[in-house]
Amino acid sequence: MKTAPTNKKVRELINAVKDGTIVPRPEFQRRLVWSRQDKNHFLDSILRGYPFPEIYLADGSVDLETGKGTQLLVDGLQRVNTMIEYFVGSNELKLTSVPAYKDLRQEEKSAFLQYDVAVRDLGTLTREEIVEVFRRINATKYSLQDIEINNALYSGQLKTFASRVSDHHFFERHRIFSSLDYKRMGDLRYSIGLIVAIMGGYSNRDDVFEEYLSRYNDEFPDEKIVEARLERVLAFLDECGFDDTSRIWRKADLYTAIVEIDYLLEAGATDIQPSVVLDRLGTFYAGIETAGVSGSTLSGIYYKATVQASNDRSNRVRRGLIISGILTGVPEEVILQEFQREGV
C-alpha cells in the first residue's frame with residue numbers, strides 16, 4: 001500500500017467538507033469523544049502554529065462524466081470537525097482558553113486559515129482496507145473495540161435500527177448509559193445485544209454481533225416486530241414504577257429484565273402485570289446485596305452473575321432463569337434444576 005504525504009490548508013479542508021469533495025465518514029471512526037478541554041487545546045495548537053498528527057484521506061467516488069471526485073476522511077474527523085465548528089462559530093463548541101474566531105485580528109484569522117495540515121493520501125482502498133487502516137492507526141491504549149469495528153464495517157438496516165434503539169428516551173430518562181458508554185459505543189453494543197437476545201436467545205458476549213449485522217445489513221424484515229416488542233416491554237417497565245435507586249437500572253439487571261419480560265409477554269403470560277413484577281422483583285432485588293458472591297442461594301448466584309463476566313452466555317442464562325422463575329413464581333429448587341438442564 002503506497003501512501004502520499006502532502007499538506008492542505010485549514011481553509012481548503014473546511015471548504016472541501018462544505019462543498020462535499022471531502023466526505024467525513026463517521027462510520028469509519030470512533031464517536032466524537034473529545035472533551036471541551038481537548039478541543040480548546042487543539043485550537044490553541046493551531047493558533048500558536050504548533051503541529052498536530054496528520055489526517056488520512058482515501059479516494060471516494062468519481063463522476064465519470066465530469067471527472068469530479070471525492071475523498072473520504074478516514075482518520076481525523078474530530079480535528080476537522082473542531083476546525084469547522086471554530087470557523088463557523090458553532091454553539092456546540094464551548095471556548096474556554098482561546099478567543100472566538102470572530103474576535104481574532106485579521107492576521108490571526110489569516111494564519112488560522114492558512115495553517116498547513118499534514119495529510120496522508122491513502123489512494124484507492126476497499127472498505128475493508130480502510131477499516132483495517134483505521135484500526136491500525138488507532139492501535140493504542142485507546143484502541144478500537146469490536147463494536148467500533150463492526151460500526152465501521154456495517155452501516156445497514158440492523159445497525160441503523162440498533163442506533164435508534166440506543167437513542168430511545170427510556171434509556172436517557174433512566175440514565176442507563178454513562179459518558180464512557182456513549183464515547184465507546186457501549187450504548188450501541190447494549191441495544192444490539194437486546195435485539196440479538198430477543199430474536200435468537202442469549203449469546204456469549206458479542207460473538208454473534210457481526211453475524212447479525214452482516215445478515216441484516218441490506219434488509220431487516222423483522223424490524224417492525226422487534227421494535228413493537230421493545231416498545232411494549234419498555235412501556236411495561238415504566239408502568240411498574242421502580243424506584244430510581246432500584247438495581248433494575250443497572251445495565252446487566254435491566255438487560256435481563258427486558259429480555260425475560262419480553263419473553264413472557266410474547267408467550268402470552270396473563271399473570272405478568274406491572275404491580276406483580278414490581279412486587280416480586282423488588283423483593284428479590286432487596287435480598288441480593290446482602291447475599292454477595294458467595295453462597296448457593298438464588299440471590300447469591302444472581303449477584304455473582306452480574307458482577308463476574310456478566311456478558312458471558314452462561315451468566316446471562318443464569319440470570320434469565322432466575323428472573324423468569326421469580327416472575328412466574330417458580331420454586332427455588334425448580335430453578336436450580338433448570339441450571340442443570342441448561343448446563344450452566
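Just so it is clear, the model here is predicted, and its values are computed rather than measured.
We find that Glu260 and Arg319 are not joined by a salt bridge, their nearest charged nitrogen and carboxylate oxygen being 4.0 Å or further apart. Between Asp181 and Lys251 there is a salt bridge, since at least one side-chain N of the basic residue sits less than 4.0 Å from a carboxylate O of the acidic one. In this structure, Glu12 does not pair ionically with Lys9, as no charged nitrogen and carboxylate oxygen lie closer than 4.0 Å.
A cation-pi geometry, defined here as NZ or CZ lying under 6.0 Å from the six-membered ring centre and within 45° of its normal, does not hold between Arg189 and Phe209. A cation-pi contact, defined as under 6.0 Å to the ring centre and within 45° of the axis, is absent between Arg164 and Phe161.
Counting heavy atoms from C-beta outward, Leu95 and Asn40 have side chains that approach closer than 4.5 Å. By the 4.5 Å heavy-atom criterion applied to side chains, Met185 and Ser166 are not counted as neighbours. Counting heavy atoms from C-beta on, the side chains of Leu43 and Leu93 come closer than 4.5 Å. Using a 4.5 Å cut-off on side-chain heavy atoms (C-beta onward), Asp238 and His174 make contact. By the 4.5 Å heavy-atom criterion applied to side chains, Thr306 and Arg247 are counted as neighbours.
Using cut-offs of 30° and 60° on the angle between ring planes, the pair Phe112 and Tyr86 is perpendicular.
Within a 6.0 Å radius of CG in Asp63, other residues, nucleotides and ligands contribute more than 12 heavy atoms.
For Thr245 and Asp243, the side-chain atoms include at least one donor-acceptor pair closer than 3.5 Å. In this structure, a donor-acceptor pair under 3.5 Å is present between the side chains of Asp253 and Tyr302.
Asn15 places a side-chain N or O within 3.5 Å of a backbone atom of Arg11 that can act as its donor or acceptor partner.
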